[in-house]
Amino acid sequence: MAITASMVKDLRTKTGAGMMDCKKALSATNGDMEKAIDFLREKGLAAAAKKADRIAAEGLVYSYIHGNGRIGVLVEVNCETDFVAQTDNFKNLCKDIAMQIAAAKPAYLKREEVPEEVLEHEKEVLRQQALNEGKPEKIVEKMIVGRLEKFYKENCLLDQEFIKDSDKTIQQVITENIAKIGEKIDIRRYTRYELGEGLEKRNDDFVSEVMAQAK
């Protein structure tokens, strides 16, 4: 299988390993991305993977306020040392994450946090959609799996497209920064407030404003 530059770049983003190491790993695994990740981990070359079991108890609780107090976000991002927490790189990452939350309104941090009852309801809605579209029942379950991925990408922060670069997910942005900063980084929790949320009010498009400011 031909190893393309985009495959090498994708593997580097996921692991933080060097370009040549990524190319070797893909060549050794015939282009299989998951096997290439395992290959790099086994060789001790996957920077993000090596740090996965380390403790990240330092970091920042970062606040972001948009539009004269119309949207507010508090997010806790953890790293391993207070030194890194005070660097511009880490603070910029925290700001990007807070702006992402403000703009994209994720309901959950990661897909594992989606309650089972929410997933079951979503599956049933997707099942009925597929049947109403006239799709054969034997392929409906496969369609549900694919459409659930879209649900995760819309509702889970780590799966969302980064508002500053739609070619990356937030998880990929975190992985890149682990490689750059050299420490384990975790988004632990967040809260998003929107003025008048839940109340009847005029329709202000705050989300588009945040996204325009972020780009």
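The residues of the chain are indexed from 1 along the displayed sequence.
Side-chain contact check for Asp96 versus Lys164: some heavy-atom pair is nearer than 4.5 Å. In this structure, the side chains of Tyr64 and Ile71 stay at 4.5 Å or more apart for every pair of heavy atoms. Residues Val61 and Val75 have side chains not in contact (no heavy-atom distance under 4.5 Å, counting atoms from C-beta outward). Taking the side chain as every heavy atom from C-beta outward, Leu26 and Phe39 never approach each other to under 4.5 Å. The side-chain heavy atoms of Glu161 and Ser166, taken from C-beta on, include a pair separated by under 4.5 Å. Residues Asn155 and Val114 form no side-chain contact, since every pair of their non-hydrogen atoms from C-beta on lies 4.5 Å or further apart. The shortest distance between side-chain heavy atoms of Gln129 and Asn132 does not fall below 4.5 Å. Considering only heavy atoms from C-beta on, Glu117 stays 4.5 Å or farther from His121 through its side chain.
Distance CD/Gln171 to SG/Cys156: 12.0 Å, rounded to 0.5 Å. If you take OH on Tyr62 and CD1 on Ile101, they are separated by 11.5 Å, rounding to the nearest 0.5 Å. Atom CG in Leu40 sits 11.0 Å away from atom NZ in Lys24 (nearest 0.5 Å). To the nearest 0.5 Å, atom CG of residue Asp159 and atom OH of residue Tyr108 are 13.5 Å apart. Separation of atoms OG1 (Thr87) and CG (Asn89) is listed at 5.5 Å; rounding is to 0.5 Å. In this structure, the separation between NZ on Lys95 and CZ on Phe90 is 15.5 Å, given to the nearest 0.5 Å.
Contact record, Glu122 with Phe151: CD-CD1, 3.6 Å, taken as the closest heavy-atom pair. Closest of all the heavy-atom pairs between Glu58 and Asp82 is CG-N, 3.6 Å. Across Ile178 and Glu183, no two heavy atoms sit closer than the pair CG2-O, 3.5 Å. Shortest non-hydrogen contact noted between Leu11 and Cys22 is CD2-O, 3.5 Å. In this structure, Met7 and Ala2 approach most closely via the heavy-atom pair SD-O, 3.8 Å. Across every non-hydrogen atom of Leu74 and Ser63, the tightest pair is CD2-CB, 3.6 Å.
Under the 3.5 Å distance criterion, the side-chain polar atoms of Arg188 are left unmatched by any main-chain donor or acceptor of Glu76. Judged purely by atom type and a 3.5 angstrom limit, Asn177 has no side-chain atom pairing as donor or acceptor with the backbone of Lys180. Side chain of Tyr190 to main chain of Pro106: a donor-acceptor pair is present (N/O by atom type, distance under 3.5 Å, no hydrogens or angles). Side-chain atoms of Arg147 never come within 3.5 Å of backbone atoms of Ile144 as a donor-acceptor pair (strictly under, hydrogens ignored).
With respect to the salt-bridge test (charged N to carboxylate O, under 4.0 angstrom), the residues Lys184 and Asp186 qualify.
Screening Ile174, Val173, Asp10, Thr175 for a side-chain contact (heavy atoms from CB on, under 4.5 Å) with Lys168, the sole residue that qualifies is Val173.
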Test Arg111 against Glu113 for side chain to side chain contact (heavy atoms under 4.5 Å, CB included), laying out the working first. CA-CA 5 Å; Arg111 61 177 65 192; Glu113 293 183 358; over 6 Å; no
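Under the side-chain contact (heavy atoms from CB on, under 4.5 Å) criterion, Glu124 pairs with Arg127, Gln128, not counting sequence neighbours.
Side-chain contact of Thr169 with Gln160: a donor-acceptor pair under 3.5 Å is absent, judged by distance alone.
When the side chains of ILVMFWY residues are joined at heavy-atom separations under 4.5 Å, either directly or via intervening members, Val125 and Leu131 end up in two distinct hydrophobic clusters. Side-chain heavy atoms closer than 4.5 Å link hydrophobic residues (I, L, V, M, F, W, Y) into clusters, and following such links, possibly through other members, connects Phe162 to Leu157. Taken together through direct or relayed side-chain contacts under 4.5 Å among Ile, Leu, Val, Met, Phe, Trp and Tyr, Tyr152 and Leu158 form parts of separate hydrophobic clusters. Note: the hydrophobic cluster containing Met143 does not contain Leu148 (ILVMFWY, side chain heavy atoms under 4.5 Å, direct or indirect links).
Surrounding NZ of Lys9 are at most 12 heavy atoms belonging to other residues, nucleotides or ligands under 6.0 Å away.
Members clustered with Ile65: none, using a 4.5 Å side-chain heavy-atom cutoff among hydrophobic residues.
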